[in-house]
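Data first, discussion second: the structure below is written as structure tokens.
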Amino acid sequence: MRAGVRSLRRQTSSPMALGVLAGIACVFMETLLLYPLRQLAPESSLGVVYLLGVLVVSTVWGLGPGVATAVISTFAYDYFHLPPFNGWTLIGSAEWVTVPVFLTVALLASFVAELARSQAIEAAEHRRTADLAAELAHLLLRAENLRSALPTASRCLAQALKLPYAAIKLEVVAADERRSAYPLRDGATPIGTLLLPADLPEPALRRLRDQVGPSLEALLSAARDREAIGNALERSRDELGRVAEEQAALRRVATLVAQGVSQPELFNAVASEMARILETRHIVMVRYESDGRMTVVANWADPQDPERLLPLGSRWLIEEGSAAALVWRTGKPGRIDKFDATGEIAAWARERGINSSVGCPILVERRLWGALIALSTVAEPLPEGTEERMLHFTELVATAIANAESRAELTASRARLVAAADETRRRIERDLHDGAQQRLVTLGLELRAAEVTAPPELKELRAHLSHTVQGLGAVIEDLQEISRGLHPPVLSKGGLGPALKMLARRSAIPVELTVCADRRPGERVEAAAYYIVSEALANVAKHAHASVVHVDLRVENAILRLSIRDDGGGGADPGHGSGLIGLRDRVDVLGGSIEIASPVGEGTSLLVTIPNCDA
């Protein structure tokens, strides 16, 4: 810093000759001024006036001219104002001691003025350096992009230091014949270069190196750190936003999975959510087939590019060189950064400007079911980590597929059980009608013949045979009732209307029946409706204590709607009792719905809806 101040002082000092001339002029004017002052003050005190010139010259022009002015002032004071006047005091005068004292005082005044001047210059230089550092800090530390602020900072530096040219670079630049290079470092790490005109004098270079360089290095280092922190925060915000958006998309898809929506609806939702998250223009979901092909089950493309869509349901050969083939062969995520294969898929991709793709497997209970594939039209490959982001969606898809398959298997199993139960009832009814019932009828006829042929005198035997025949007839009637309950023939022959009328006539509780059907439902639907009404009437008779039951059956537009209401005590719990559970199973197997409402004291109502009742 001191070296910089000295160099600055030398640089800003006026020439020596100009200072000496100024000192001579001051001495001349002071000498003229002292003549009238002789009348007002003693001669010995008039030398103070000469010290004013010494102070002025030393302050303005520096130490050299100040010393010269002090010497000239001594001689002028000695010659003109010390006895003998107009002569030299050192030659034969008793006041010769005054001259050395005056000279000493004048020199001291010159040195004091020089010191004050140096301090003032140093303070001014510190102020200018601080102002420059503050302005550079304002430019560099508030800039969003450090490189964009460097040209303005360079112009500010050159203007403040009165340089013809200055440039701040964030890289190491070598000097050449037109410019010199001052390296900027953060400790031992290079952070940039300060480029200056090559013809600057050494004092100016020292000044820049000692004063400007350290502060500029500190500012650049702080600005770089600030920019790095800002970029890190921006990346963190972007990452948090991406994660939040991805989690929201996953929640939406998970909600659809929990609601059990249809597979096409779920697949399309996954494709659209995945496209929005990855910011890609095309997403396709395929299902692998056993014949080495794949079927498109869902896709999404930018609405502005509808031609990019693969037709739903279309089948494609799994060709090598595609992401689908990589996933199919390895069972793991795979990517194709450039389509250079041959085949239908590669040709389709090239025609539509698709450059890269990433595929992620859909594993359903450890079985490769299909793949979710993202296609990109930009020149750069899809970002790293795309596979991991897609995995979360494929896991949800796999869960939905597994749930759907489980539901389908459960429905099929329940359908098989219901069908087997119905077939068993039919077989039992047929066996009872064709087997046991016929044999009992034959046995009754034979007993009636034995009664007729018995001798008249055997009255007790004849009475016993008659009683046995009557009992056998009652057994036959009971057996007929049982067989009708298993599967009434009137249901198969006459349909649901007559069968329900028969149930209404046999009910212990009065039944108000309404049947309105524009067509006859399918056999399974008829059986389900019959057994629902039969079970409901039996429950009313056992538990409801009702006075009337309303049964309303309507078949419109291939939809069966059955309503059963009573005015009993209510309080029926669908969770208890195998009868209601069995009714729900029958309706679920047919893809229908059953609603049971039974508030206490307000009766019980069942509302059954079975779509596609023609099947």
Side-chain angles (χ1 to χ4, degrees), residues 1-15 59-62 114-234:
M1 179 61 73
R2 292 184 181 277
V5 172
R6 288 195 299 269
S7 65
L8 178 63
R9 187 170 63 247
R10 284 195 296 269
Q11 185 179 11
T12 58
S13 297
S14 299
T59 300
V60 177
W61 282 276
E114 167 64 11
L115 181 60
R117 177 177 180 274
S118 299
Q119 294 296 328
I121 292 175
E122 186 173 355
E125 186 62 29
H126 278 299
R127 186 178 64 255
R128 286 194 295 270
T129 303
D131 292 343
L132 176 60
E135 189 169 0
L136 291 177
H138 178 79
L139 291 172
L140 299 178
L141 296 181
R142 297 186 60 182
E144 293 294 333
N145 185 283
L146 180 57
R147 288 187 179 274
S148 63
L150 291 181
T152 304
S154 300
R155 288 193 298 270
C156 174
L157 180 64
Q159 184 178 9
L161 299 180
K162 298 180 180 180
L163 299 175
Y165 165 80
I168 305 172
K169 303 293 183 181
L170 289 181
E171 51 274 334
V172 178
V173 180
D176 53 31
E177 66 278 0
R178 295 184 299 104
R179 59 187 183 181
S180 59
Y182 173 70
L184 303 173
R185 293 186 175 87
D186 181 9
T189 304
I191 59 174
T193 306
L194 175 60
L195 299 177
L196 302 168
D199 56 352
L200 282 182
E202 182 60 26
L205 291 177
R206 283 200 307 270
R207 173 191 173 196
L208 289 168
R209 181 171 60 249
D210 295 338
Q211 297 182 25
V212 178
S215 61
L216 183 58
E217 289 174 337
L219 286 175
L220 282 180
S221 179
R224 290 182 62 196
D225 292 342
R226 176 194 174 278
E227 186 176 41
I229 293 173
N231 292 336
L233 290 175
E234 186 68 25

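Taking all atoms of both residues into account, the shortest heavy-atom contact from S154 to A166 is CB-O, 3.3 Å. Considering every non-hydrogen atom in both I191 and E217, the closest pair reads CD1-O, 3.7 Å. The two residues P190 and R224 come nearest to each other via the heavy atoms O-NH1, 4.3 Å. Between A223 and L146, the shortest heavy-atom contact is CB-CD1, 3.6 Å.
Atom-to-atom distance recorded for L219:CG and H138:NE2 is 13.0 Å, nearest 0.5 angstrom. Once rounded to the nearest 0.5 Å, the distance linking NZ of K169 with CG of L184 reads 12.5 Å. Put simply, CG on L196 and CZ on R178 are 13.0 Å apart, with the number rounded to the nearest 0.5 Å.
Here the side chains of S180 and L195 are not in contact, with every heavy-atom distance at 4.5 Å or above. Residues S221 and D225 form a side-chain contact, since some pair of their non-hydrogen atoms from C-beta on lies under 4.5 Å apart. In this structure, R179 and V173 have side chains that are in contact, with non-hydrogen atoms separated by less than 4.5 Å. Between T193 and I168 there is no side-chain heavy-atom pair separated by less than 4.5 Å. L220 places a side-chain heavy atom less than 4.5 Å from the side chain of L170.
Salt bridge annotation for R147-E171: present, with a cationic side-chain nitrogen under 4.0 angstrom from a carboxylate oxygen.
With hydrogens and angles disregarded, no donor-acceptor distance shorter than 3.5 Å links the side chain of D186 to the backbone of T189. For the pair R226 (side chain) and A143 (backbone), a donor-acceptor distance under 3.5 Å is present.
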